[in-house]
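Each chain gets a letter, A, B and so on, in the order its sequence line appears, and its residues count up from 1.
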2 protein chains.
Amino acid sequence: MEPLTEAQQELYDWLVDYIRDNQHSPSIRQMMKAMGLKSPAPIQSRLDHLRKKGYIDWSEGKARTIRILQDIHGIPVYGAIAAGYVSEVYTDEVTRLDLAGLPIKSGDYALKVNGDSMIGAMIQDGDMVIMRPVHDPQSIREGTIVAARIERGETTLKYFHRQGNQVQLKPANQDYPVQEFLASQVDIQGRLVAVWRDSFD
Amino acid sequence: MEPLTEAQQELYDWLVDYIRDNQHSPSIRQMMKAMGLKSPAPIQSRLDHLRKKGYIDWSEGKARTIRILQDIHGIPVYGAIAAGYVSEVYTDEVTRLDLAGLPIKSGDYALKVNGDSMIGAMIQDGDMVIMRPVHDPQSIREGTIVAARIERGETTLKYFHRQGNQVQLKPANQDYPVQEFLASQVDIQGRLVAVWRDSFD
DNA sequence: ACTCAATCAGAACAAGTGTACTCTCGACTA
DNA sequence: TAGTCGAGAGTACACTTGTTCTGATTGAGT
């Protein structure tokens with residue numbers, strides 16, 4: 001990332017804070033006052049440089065449309081780790097894991113997992129599963145993990161399989177039985193899109 | 001939260017998406033087009049209702065200053081699901097899982113997991129592990145999962161154990177051996193605070 | 001049948017706002 | 001020493017944009 005001058009850095013830092021707090025960009029005259037200036041020209045100049053250097057962008061001619069190009073919310077992904085004695089560090093290109101924006105859409109919701117019936121799918125007690133609402137049951141693919149409500153009763157997390165007009169709900173644990181229902185008996189409330197676990201002491 | 005009409009809900013959902021994607025509010029005429037309308041009046045009406053019901057707010061007279069009052073980045077936690085045929089739905093109090101803010105501190109970073117040496121700890125290939133830097137190796141508790149760099153070589157994810165002045169790195173998979181090193185040989189780069197997995201088709 | 005709220009079209013206005021322009025000044029460099 | 005670049009003041013203009021009108025339509029209650 002190309003370095004910034006002191007004045008540019010000052011404006012950039014203020015911008016990031018303002019946008020994070022207010023969910024929208026300030027106007028040039030607002031920035032002017034915040035920087036203690038009496039003319040919009042210096043702000044324009046700094047903004048031009050910030051854009052040229054790849055820090056921000058905006059829609060030409062439109063009011064308050066500045067966007068910070070760097071991810072504000074995510075955390076940096078430094079590389080790949082682990083296991084087979086291999087490791088790799090991303091030095092030049094630091095991607096970012098945007099837990100807030102990237103894989104999650106509006107409407108998604110989370111459920112806390114009780115029990116261990118999905119242990120074979122690496123989902124354990126206490127995990128948070130992020131679900132996406134399913135509007136058309138026909139669109140669910142075989143083997144997807146879904147939250148299924150059975151006959152207006154309890155909801156469980158299971159593998160989804162079709163068998164004619166029947167629906168199979170398979171746990172990922174030998175200790176639990178496979179359940180079969182008529183398609184009309186089960187209500188698929190969502191499909192699994194992500195798992196979050198922070199239950200480490 | 002007061003319920004919304006269909007038209008209001010449609011606008012609100014679109015708004016949330018737009019602001020999250022663009023870091024600023026759209027103009028009324030943009031909303032007009034997005035909703036397929038030919039007049040700004042209906043949008044204003046919907047916005048008035050959304051504000052009155054506490055969903056959004058804006059600075060009067062200022063362009064593109066709409067803010068979503070609800071937390072955009074967290075996602076709602078509807079309840080507990082699964083497993084032992086038990087389920088529970090949180091109806092009254094909807095907590096929110098703030099993936100961006102809550103359990104993650106500044107300085108945390110993510111690593112993509114290669115291999116299956118931690119499969120016993122329910123961490124599989126492709127998972128993102130969120131690590132927190134460890135400054136004092138003495139503070140690490142027995143059995144914590146850490147990212148350890150061995151003799152300035154590769155970094156691996158393992159259980160951390162002490163044995164006198166030696167350090168044991170135990171994988172969570174029988175197929176891999178336990179490794180032992182002098183404390184001076186291993187550099188603990190971080191301890192595991194969370195796991196994220198979104199590799200579902 | 002009546003009321004009321006919510007939803008639309010269309011037009012108009014005033015303020016907010018981005019942008020362009022002309023200057024000056026200081027720091028650094030060839 | 002002349003030249004370039006970034007910072008800053010001040011002014012002006014055109015477009016974007018929020019807001020306010022006047023009406024018409026629809027649907028749900030009563």
*Under the side-chain contact (heavy atoms from CB on, under 4.5 Å) rule, collect the residues that match up with B:Gln30, sequence neighbours excluded.*
B:Tyr18, B:Pro26, B:Ser27, B:Arg64

*Nearest to the side chain of A:Thr5 - D:dA7, C:dT19, C:dG18?*
D:dA7

*Can you tell me how far C1' of D:dG18 sits from CZ of A:Arg64, to the nearest Å?*
12 Å

*Only counting residues at least two apart or in another chain, list the ones meeting side-chain contact (heavy atoms from CB on, under 4.5 Å) with B:Asn173.*
B:Asp116, B:Ile119, B:Asp175, B:Tyr176

*Please give, in whole Å, the distance from C:dA5 P to B:Lys52 NZ?*
10 Å

*Does B:Trp58 place a side-chain N or O at less than 4.0 Å from the phosphate oxygens OP1/OP2 of D:dT19?*
yes

*Using modelled atom types only, decide if a donor and an acceptor are shared between the side chain of B:Thr65 and the backbone of B:Ser59 within a distance under 3.5 Å.*
yes

*Non-neighbouring partners of A:Glu60 that pass side chain to side chain donor-acceptor pair (under 3.5 Å), sequence neighbours left out*: A:Arg51

*asked:* How many whole angstroms separate atom CE of A:Met31 from atom P of D:dA7?
replied: 15 Å

Which atom pairs, donor and acceptor, lie under 3.5 Å between side-chain atoms of residues 33-42 of chain A and protein residues at least two apart or in another chain?
unit_1  : atom_1 : unit_2  : atom_2 : d
A:Ser39 : OG     : A:Ala41 : N      : 3.3

*Measure from CD on A:Gln44 to P on D:dT11 and round the result to the nearest Å.*
16 Å

*Using whole Å, report how far CE of B:Met35 lies from P of C:dT7.*
12 Å

*Output all residues satisfying side-chain contact (heavy atoms from CB on, under 4.5 Å) with A:Glu180, sequence neighbours left out; order by chain, then residue number.*
A:Gln166, A:Gln168

*asked:* Under a 3.5 Å threshold, yes or no: a donor from one side chain and an acceptor from the other, between B:Asp13 and B:Gln9?
replied: yes

*Of all residues at least two apart in sequence or in a different chain, which pass the side-chain contact (heavy atoms from CB on, under 4.5 Å) check with A:Ser139?*
A:Val134, A:Asp136

*asked:* Just the rounded figure in Å: distance from P of D:dT19 to CD1 of B:Ile43.
replied: 13 Å

Please tabulate, one pair per line, each protein N/O and nucleotide N/O from nucleotides 8-11 of chain C that are separated by under 3.5 Å, including the distance.
unit_1 : atom_1 : unit_2  : atom_2 : d
C:dC8  : OP2    : B:Arg46 : NH2    : 2.2
C:dA9  : OP1    : B:Lys38 : N      : 3.3
C:dA9  : OP2    : B:Lys38 : N      : 2.7
C:dA9  : OP2    : B:Ser39 : N      : 3.1
C:dA9  : N7     : B:Ser39 : OG     : 2.9
C:dG10 : N7     : B:Ser39 : OG     : 3.0

*Interatomic distance, B:Leu47 CG vs C:dA6 C1' [rounded to whole Å]*: 14 Å

_Can you tell me if A:Gln8 touches the phosphate of D:dA7, counting only side-chain N or O atoms and a distance under 4.0 Å to OP1 or OP2?_
yes

*Please report how far the helix from C:dC2-D:dG29 to C:dA30-D:dT1 bends, comparing the axis fitted to its first five pairs with the axis fitted to its last five, to the nearest 10 degrees.*
30°

*Nearest-angstrom distance from the residue atom NZ of A:Lys62 to C1' of C:dT17*: 13 Å

*Return the set of residues passing salt bridge (Lys or Arg N to Asp or Glu O under 4.0 Å) with B:Arg29 (not counting sequence neighbours), or none when no residue passes.*
none

*If only side-chain N and O atoms of B:His49 are considered, is one of them under 4.0 Å from the OP1 or OP2 phosphate oxygen of C:dA5?*
no

*Using the closest heavy atom to pick a nucleotide of DNA chain C for each, name whichever of B:Gly61 or B:Glu6 lands nearer the 5' end.*
B:Glu6

*asked:* Base, sugar-phosphate or nothing for B:Glu60? Non-hydrogen atoms, less than 4.0 Å.
replied: sugar-phosphate

